[in-house]
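The basis for the numbers below is simple: all heavy atoms, side chains too, and nothing from hydrogens, waters or symmetry mates.
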Amino acid sequence: MAIAKWAWHGRERLGLLRVRENTLVMHLMHWPDEVRDPSELLPPPVEVSEEELQEAERLIESLTVDELKGDEFRDEYTEAIAQIIEAKREDREPPVMPEPEQPRQIVDLMTALKESVQKARVSRGEDAEVHELPEKTAAKKTARKQPAKKTAAKKAAAKKTSGRRPRSA
């Protein structure tokens, strides 16, 4: 093993260099000023009653499953990759993946909200008529006035005055 220093991203880094299975491996180490005190990361202490602990244990036991069996616990991604690899090995076309299911119905939230308000008003015996909200229009921007252009006479006068020396006092 060896300790090594190298420059990376404009900073000097420190690392542990070692051999592992015919490969050189570098583990990034931290300088003392980069290491935080782990007590900063601890959550504040909390008082938990014995009843709360027992209830938590019961909840964990009720949610625990000993064996993951069934179709809902299949790794479909790994199976699909294995099928693709097998097809490439045998020099044939990879299997065609089925199209994902299309959503049943696209819901317009504004329409659903209006229907919900209408049902609520009917159930209370109120007038169930829902009126359309007026469309908001974008505020008009005022055009900036362009400064007036200098006339040829003013330009000539400006050139004459710019060539003069300033008067001394």
Please determine whether the number of non-hydrogen atoms from other residues, nucleotides or ligands lying under 6.0 Å from atom [atom1] of [X] exceeds 12.
| X | atom1 | answer |
| --- | --- | --- |
| R92 | CZ | yes |
| D91 | CG | no |
| E21 | CD | no |
| E93 | CD | no |
| Q54 | CD | yes |

Would you give the length of the straight line joining atom [atom1] of [X] to atom [atom2] of [Y], rounded to the nearest 0.5 angstrom?
| X | Y | atom1 | atom2 | answer |
| --- | --- | --- | --- | --- |
| I81 | I85 | CD1 | CD1 | 6.5 Å |
| Q118 | L113 | CD | CG | 11.5 Å |
| E55 | I60 | CD | CD1 | 11.0 Å |
| K114 | L109 | NZ | CG | 12.0 Å |
| L17 | W6 | CG | CH2 | 9.0 Å |
| E52 | E57 | CD | CD | 12.5 Å |

Can you give me the closest heavy-atom contact between [X] and [Y], atom names plus distance?
| X | Y | value |
| --- | --- | --- |
| H30 | E34 | CA-OE1, 3.3 Å |
| M26 | G15 | SD-CA, 3.8 Å |
| P94 | I84 | CB-CG1, 4.3 Å |

Contacts of L41 that satisfy side-chain contact (heavy atoms from CB on, under 4.5 Å) - sequence neighbours left out: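 side-chain contact (heavy atoms from CB on, under 4.5 Å) check on L41 returns R36.
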Sequence neighbours excluded, which residues qualify as side-chain contact (heavy atoms from CB on, under 4.5 Å) partners of L16?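 L16: side-chain contact (heavy atoms from CB on, under 4.5 Å) contacts with M1, I3, H27, M29.
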Could you tell me whether R89 and E86 make a salt bridge, using a distance below 4.0 angstrom between a side-chain N and a carboxylate O?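 Salt bridge flag = yes for E86 with R89.
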What about V46 and L42, same hydrophobic cluster or not, with Ile/Leu/Val/Met/Phe/Trp/Tyr joined at side-chain heavy-atom distances under 4.5 Å?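 No, V46 does not connect to L42 through the hydrophobic network.
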Has W31 got a side-chain atom pairing as donor or acceptor with E12's backbone, closer than 3.5 angstrom?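 Yes: the side chain of W31 pairs with the backbone of E12.
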With no hydrogens and no angle check, is any side-chain donor or acceptor of S116 less than 3.5 Å from a backbone partner on A112?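 Answer holds: no.
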Pairwise side-chain contact, S62 with L59, heavy-atom cut-off 4.5 Å (strictly under):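 Heavy-atom side-chain distance check passes, below 4.5 Å.
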